[in-house]
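Since this is a predicted model, take the numbers as computed values, not measurements. All chains are named by letter (A, B, ...) in the order of the sequence lines, taking the proteins before the strands, and each is independently numbered beginning at 1. The basis for the numbers below is simple: all heavy atoms, side chains too, and nothing from hydrogens, waters or symmetry mates.
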Number of protein chains: 2
Amino acid sequence: MKEGPDIARIGTLIGDPARANMLTALMGGQALTATELAQAASVSLQTASSHLSKLQDGGLITQRKQGRHRYFALADAAAGSLLESIMGFAASRGHLRQRPGPKDPALRKARVCYDHLAGDYGVRILDSFIAREVIETDGENLAVTESGRQAISELGIDLEKLAPSRRPLCKSCLDWSERRSHLAGTLGKALFQHFLDNGWARRSSESRAVLFTPEGERRFLSLFPL
Amino acid sequence: MKEGPDIARIGTLIGDPARANMLTALMGGQALTATELAQAASVSLQTASSHLSKLQDGGLITQRKQGRHRYFALADAAAGSLLESIMGFAASRGHLRQRPGPKDPALRKARVCYDHLAGDYGVRILDSFIAREVIETDGENLAVTESGRQAISELGIDLEKLAPSRRPLCKSCLDWSERRSHLAGTLGKALFQHFLDNGWARRSSESRAVLFTPEGERRFLSLFPL
DNA sequence: TTCATACTTCGATCCTAACCGAAGCATCCA
DNA sequence: TGGATGCTTCGGTTAGGATCGAAGTATGAA
């Protein structure tokens with residue numbers, strides 16, 4: 001039975017708590033330095049360095065040198081998806097590191113999931129789209145409807161520009177705080193980016209939380225009614 | 001950073017080579033006894049027993065007592081999907097346990113992937129469906145087209161009966177021998193079952209290979225032209 | 001040049017968990 | 001009832017790898 005892909009190698013990489021913490025931190029979507037990742041994982045810089053080179057060898061992360069810093073980020077969207085899958089599965093089996101759902105209310109409300117919005121607000125986007133038939137679903141797969149294309153362009157998103165990407169346009173991602181699906185894929189990313197670009201929301205500097213301005217909050221709730 | 005799902009726990013479970021071998025064996029879709037799984041993983045029965053209880057605690061597998069045997073199987077389709085994701089990712093990064101693709105030509109040609117067909121033949125089904133517009137895709141998500149519903153019912157599959165399932169109807173699954181996608185989901189399962197039910201194919205007793213009868217081979221090639 | 005910062009490599013320690021022998025429990029068969 | 005099979009539990013050993021101190025390399029600042 002020595003056929004096939006080496007899933008044990010990927011498992012081992014993700015199976016160490018320090019590495020898992022680093023990967024979780026990188027799910028924030030931003031590149032982080034070795035020092036920052038060492039703090040995120042609560043290990044020394046030497047230990048972090050060793051972990052990072054293993055993650056890189058395994059193809060989960062990439063590094064970019066910039067001056068005397070080295071920035072580490074998830075290798076690509078596939079790596080992000082993989083971690084999302086595992087998070088969803090772990091959450092579905094009740095494997096949480098503390099109580100169900102994030103303790104911090106801000107994280108529960110809205111947080112970054114690699115490159116799109118998760119938490120209460122993330123789930124709301126998908127719920128609203130499905131209720132208004134912007135997106136249709138067969139249980140897991142998502143597709144934009146004809147009438148939905150119109151609605152999305154009215155939000156200020158150019159679907160034509162997103163289409164050429166090799167990543168799927170919409171994808172569902174199991175939310176571990178809400179235990180329901182939210183919108184991932186290039187559309188999910190574009191919507192999140194749209195809110196950042198307009199200054200309606202920003203990333204928290206300490207955690208994966210996303211903070212909305214009062215103006216952004218108002219817009220969000222009216223753009224995604226239930 | 002102690003928020004969120006415990007991905008390290010899942011990673012650790014999958015990260016041990018013996019457990020990974022057991023899970024890979026269970027991807028064949030059939031329930032296996034502890035003794036069989038011990039052989040698959042090349043460990044003693046005691047060691048296997050310990051691994052199996054860990055996998056069960058982690059929610060990856062279930063056991064069913066039957067007389068003096070205990071049959072172990074993947075917990076559900078979600079567990080199968082998770083393993084598929086990881087296999088796909090591992091293969092995409094070139095993490096293979098030997099040379100790329102299965103050594104055994106029969107495995108390359110057709111094998112079981114939890115509950116549907118993989119390998120050359122598995123990829124062919126999806127290729128054929130897409131070429132004939134039975135299924136449409138946006139890169140990763142799959143959906144049956146209107147005209148496709150007709151074609152599928154002509155194959156002898158009742159789509160209405162598959163629809164109520166909570167699992168997605170069609171799903172792509174990265175094939176590690178072909179490095180391309182094949183058809184998973186309830187439709188993929190139903191098609192595979194259809195071939196088994198009609199006696200056109202059967203599972204190999206030793207491996208995950210699927211063996212076609214000459215009659216089954218002929219039918220397969222004509223039902224799924226390229 | 002010199003010092004400081006950011007990170008890697010080396011080496012030694014220590015701890016977890018995989019492993020198996022032996023014994024125990026449960027089920028089936030004769 | 002006795003013995004065989006299938007599996008689990010217990011206990012002790014061992015190996016792999018996570019960890020960090022110390023030393024080494026690279027970049028930037030003074």
Side-chain angles (χ1 to χ4, degrees), chain A residues 1-2 6-26 30-58 60-73 95 97, chain B residues 1-2 6-26 30-75 95 97 205:
Chain A
M1 266 314 210
K2 278 173 210 148
D6 192 354
I7 59 172
R9 176 156 181 203
I10 303 295
T12 300
L13 286 173
I14 298 173
D16 179 79
R19 284 192 292 261
N21 284 333
M22 291 177 173
L23 291 169
T24 303
L26 291 173
Q30 289 173 310
L32 299 172
T33 64
T35 306
E36 288 168 328
L37 287 165
Q39 287 168 350
S42 307
V43 292
S44 72
L45 190 54
Q46 303 92 297
T47 304
S49 180
S50 155
H51 285 312
L52 288 168
S53 70
K54 284 173 189 171
L55 288 172
Q56 192 173 2
D57 289 346
L60 280 159
I61 64 172
T62 53
Q63 70 166 295
R64 193 165 34 100
K65 281 183 75 168
Q66 202 165 92
R68 54 181 158 179
H69 294 276
R70 299 204 184 182
Y71 285 95
F72 294 87
H95 299 329
R97 285 184 289 189
Chain B
M1 266 315 208
K2 279 171 208 149
D6 193 353
I7 58 172
R9 176 154 180 204
I10 302 295
T12 300
L13 286 173
I14 298 173
D16 179 79
R19 285 193 292 260
N21 284 333
M22 292 177 174
L23 291 169
T24 303
L26 291 173
Q30 288 173 312
L32 299 173
T33 64
T35 307
E36 288 169 327
L37 288 165
Q39 287 168 350
S42 307
V43 292
S44 72
L45 191 54
Q46 303 93 296
T47 304
S49 179
S50 156
H51 285 312
L52 288 168
S53 69
K54 284 172 190 171
L55 288 172
Q56 192 173 3
D57 289 346
L60 280 159
I61 65 172
T62 53
Q63 69 166 294
R64 194 165 35 100
K65 281 183 74 168
Q66 205 165 93
R68 53 182 159 179
H69 294 275
R70 299 206 183 179
Y71 284 95
F72 294 87
L74 292 185
H95 299 329
R97 284 184 289 187
S205 53

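The nearest whole Å value for the distance from the CG atom in Leu13(A) to the C1' atom in dG16(D) is 15 Å. Rounded to an integer number of Å, the gap from CG of Leu37(B) to C1' of dC7(D) is 12 Å.
Side-chain atoms of Arg19(A) and Thr12(A), non-hydrogen and from C-beta on, do get closer than 4.5 Å to each other. Using a 4.5 Å cut-off on side-chain heavy atoms (C-beta onward), His95(A) and Ile10(B) make contact.
Protein chain B contacts DNA chain C over a range whose 5' and 3' limits, counting nucleotides with an atom under 4.0 angstrom from a non-hydrogen atom, are dA18(C) to dC28(C).
No donor-acceptor pair closer than 3.5 Å links the side chain of His69(B) to the backbone N or O of Thr33(B). Checked by atom type and distance alone, the side chain of Thr24(B) pairs as donor or acceptor with a backbone atom of Ala20(B) at under 3.5 Å. No donor-acceptor pair closer than 3.5 Å links the side chain of Arg64(B) to the backbone N or O of Tyr71(B).
Considering every non-hydrogen atom in both Val43(B) and Ala18(B), the closest pair reads CG1-CB, 4.0 Å.
Using a 4.0 Å heavy-atom distance criterion, Thr33(A) is classed as a sugar-phosphate-only contact.
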Please assess Asp16(A) against His51(A) for the test side-chain contact (heavy atoms from CB on, under 4.5 Å), listing each intermediate value before the final yes or no. CA-CA 9 Å; Asp16(A) 179 79; His51(A) 285 312; 3.4 Å; yes
Run Asn21(B) and Leu37(B) through side-chain contact (heavy atoms from CB on, under 4.5 Å) and show every step you take. CA-CA 8 Å; Asn21(B) 284 333; Leu37(B) 288 165; over 6 Å; no
Counting primed atoms, P, OP1 and OP2 as sugar-phosphate and everything else as base, the B/S/- map of nucleotides 19-30 of chain D against protein heavy atoms under 4.0 Å is SBBB----BS--
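Residue His69(B) is the one, among His69(B) and Thr12(A), whose nearest nucleotide of DNA chain D lies closer to the 5' end (criterion: closest heavy atom).
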